[in-house]
Chemist: 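Next up is a structure, given as structure tokens.
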Number of protein chains: 2
Amino acid sequence: MNDLSQEQQVAFQAACRQAGLRLTPQRIEIFRELARAKDHPSAETLHRRLVERMPSLSLDTVYRTLGTLASHGLIMRVDTIESQARYEVAQLLHHHLICRSCKEIFDFQWQSVDNAALPDAVKSWGRVERKNVVAYGICNKCLKK
Amino acid sequence: MNDLSQEQQVAFQAACRQAGLRLTPQRIEIFRELARAKDHPSAETLHRRLVERMPSLSLDTVYRTLGTLASHGLIMRVDTIESQARYEVAQLLHHHLICRSCKEIFDFQWQSVDNAALPDAVKSWGRVERKNVVAYGICNKCLKK
DNA sequence: CTAGCTGCAAAAGATTTGCATGTCC
DNA sequence: GGACATGCAAATCTTTTGCAGCTAG
């Protein structure tokens, strides 16, 4: 509910420097808005929220910035079956529950999977860097409708 | 390597009838090609393969058919972070390994996750219908390059 | 100063839609 | 026969790109 925590902001700036990325007002605001958002927004959605504060911000910059930050691992692109890409700040390991009716994404933790070793067959595939569970179903809000 | 199994084809036709979908040559061929494919093809890719056998088949029909079949649960749309949607026939429960270099998708089984109960926090969310693991990394082929 | 960003506009890529014609049941 | 599908073309939506001016370091 509050604004972006001081540490998170400092960590972001340090990570940008380390990655050789310039710290522009646009990048700072885009990251701040994404970190504050709880709903895995798309580029379009983020832009809509940001232009109120930053009227000159272009949608292209939002697209470009999200792509740049994601490619440096500062944020994550979330897999969905929608046509629009969604993003989130890379935080604690977590998993996604997606409602196939309203498309809302709910985050949850599942440490037994985080800690579990992948099956043997996977070992010969290559190097696995992360694993996420995506569960689908219908959320209570939609079930009640 | 062989063609679509007899049972699979019969099951498909029965499922179409049950869903109230007409059995057109296009639908049959699209499903057959997808069932034969091992690479989670996109609409574009499927169309490229099918026009050789069915020169009049339009790309629109492939898009429409994939959408229709997916919405009836006969095939699945696979989540990736690419812009193109990919499909697979709904088969045994399985999970995906995606190479972030070549984008190839490798299927694997992981029964301990299939059988595991979701964490308690999820129970109050709604009704979960399926859960899939998506793991990312680099496959051996790309590691060697 | 200058490589890296941004904004603008235009392009490209993926998917959807309207409509007339064809075809499954 | 009539509802549903298809093919075509055009539209739409999302994302990317070229370029000139701006700016952080």
Side-chain angles (χ1 to χ4, degrees), chain A residues 9 12-34 40-51 53-72 74-75 77-87 103, chain B residues 9 12-34 40-51 53-72 74-75 77-87 103:
Chain A
Q9 200 163 336
F12 171 66
Q13 303 194 357
C16 279
R17 291 231 165 68
Q18 198 187 337
L21 298 176
R22 288 200 180 154
L23 267 176
T24 64
Q26 290 88 336
R27 285 179 177 173
I28 291 171
E29 285 306 313
I30 290 169
F31 182 83
R32 192 210 298 269
E33 189 65 41
L34 185 61
H40 309 80
S42 65
E44 199 91 39
T45 305
L46 271 177
H47 181 252
R48 201 177 317 120
R49 292 177 190 165
L50 284 160
V51 275
R53 260 186 280 151
M54 241 189 160
S56 69
L57 179 68
S58 74
L59 176 58
D60 329 57
T61 296
V62 178
Y63 271 109
R64 260 190 282 226
T65 300
L66 292 174
T68 305
L69 298 182
S71 77
H72 288 274
L74 290 166
I75 63 174
R77 217 177 132 149
V78 178
D79 304 345
T80 73
I81 55 176
E82 292 177 283
S83 53
Q84 273 189 115
R86 308 251 219 132
Y87 291 86
K103 314 292 187 202
Chain B
Q9 200 164 335
F12 170 66
Q13 304 195 356
C16 278
R17 290 233 165 67
Q18 197 187 337
L21 298 177
R22 289 197 180 158
L23 267 176
T24 65
Q26 291 88 336
R27 285 178 178 174
I28 291 171
E29 286 304 314
I30 290 169
F31 182 83
R32 192 210 299 267
E33 189 64 42
L34 185 62
H40 310 80
S42 65
E44 199 92 38
T45 303
L46 270 177
H47 180 252
R48 201 177 320 121
R49 292 178 190 162
L50 284 159
V51 273
R53 261 186 278 152
M54 239 188 162
S56 70
L57 178 69
S58 75
L59 176 58
D60 329 56
T61 297
V62 177
Y63 271 108
R64 259 189 282 224
T65 301
L66 292 174
T68 305
L69 297 183
S71 78
H72 287 275
L74 290 166
I75 64 175
R77 217 176 133 152
V78 177
D79 304 345
T80 74
I81 55 176
E82 292 177 283
S83 52
Q84 272 190 115
R86 308 252 220 131
Y87 292 86
K103 316 292 187 204

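This is a predicted model, so every value here is computed, not measured.
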Chemist: How close or far is atom C1' of D:dA5 from atom CD of B:E29, stated in whole angstroms?
Modeler: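 These atoms are roughly 16 Å apart.
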
Chemist: Nearest 0.5 Å please: distance from the CG atom of B:L21 over to the CZ atom of B:R27.
Modeler: 5.0 Å

Chemist: Do the side-chain N or O atoms of B:Q26 get closer than 4.0 angstrom to the phosphate oxygens (OP1, OP2) of C:dT23?
Modeler: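 No, outside the criterion.
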
Chemist: In whole angstrom, give the distance that lies between atom CG of B:L66 and atom C1' of D:dT6.
Modeler: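 Value for this atom pair: 15 Å.
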
Chemist: So if I define the base as every atom that isn't primed, P, OP1 or OP2, how would nucleotides 9-17 of chain D read as a B/S/- string at a heavy-atom cutoff under 4.0 Å?
Modeler: B----SBBB

Chemist: Any idea which heavy atoms bring A:H47 and A:L59 closest together, and the distance?
Modeler: NE2-N, 3.4 Å

Chemist: Side chain to side chain contact (heavy atoms under 4.5 Å, CB included) between A:R77 and A:L66: does it pass, once the steps are laid out?
Modeler: CA-CA 9 Å; A:R77 217 177 132 149; A:L66 292 174; over 6 Å; no

Chemist: Is the shortest side-chain N/O distance from B:T61 to OP1 or OP2 of D:dG7 below 4.0 Å?
Modeler: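 Yes, within the criterion.
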
Chemist: Using whole Å, what does the distance between atom P of nucleotide D:dT6 and atom NE2 of B:H47 come to?
Modeler: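 So the two atoms are 12 Å apart, to the nearest Å.
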
Chemist: Nearest whole Å is fine: how far is C:dT15 C1' from A:I81 CD1?
Modeler: 15 Å

Chemist: Distances under 3.5 Å between protein N/O atoms and the N/O atoms of nucleotides 22-25 of chain D, please, pair by pair.
Modeler:
| from | atom 1 | to | atom 2 | distance (Å) |
| --- | --- | --- | --- | --- |
| D:dG25 | OP1 | A:L23 | N | 3.4 |

Chemist: If you look at every heavy atom in B:L74 and B:C16, which pair is closest and at what distance?
Modeler: CD1-SG, 4.2 Å

Chemist: Go through A:R86 and A:K103 one step at a time and tell me if the side chain to side chain contact (heavy atoms under 4.5 Å, CB included) criterion holds.
Modeler: CA-CA 11 Å; A:R86 308 251 219 132; A:K103 314 292 187 202; 4.1 Å; yes

Chemist: For side chain to side chain contact (heavy atoms under 4.5 Å, CB included), just list the numbers for A:F31 and A:T65, CA-CA rounded to whole Å, side-chain angles, deciding distance to a tenth of an Å, and then say yes or no.
Modeler: CA-CA 9 Å; A:F31 182 83; A:T65 300; over 6 Å; no

Chemist: Test B:L69 against B:F12 for side chain to side chain contact (heavy atoms under 4.5 Å, CB included), laying out the working first.
Modeler: CA-CA 10 Å; B:L69 297 183; B:F12 170 66; 4.0 Å; yes

Chemist: Which is true for B:S56 with a 4.0 Å heavy-atom rule: it touches a base, it touches only sugar-phosphate, or it touches nothing?
Modeler: sugar-phosphate

Chemist: State, with a plain yes or no, whether a side-chain heavy atom of B:E82 is found less than 4.5 Å away from one of B:S42.
Modeler: no

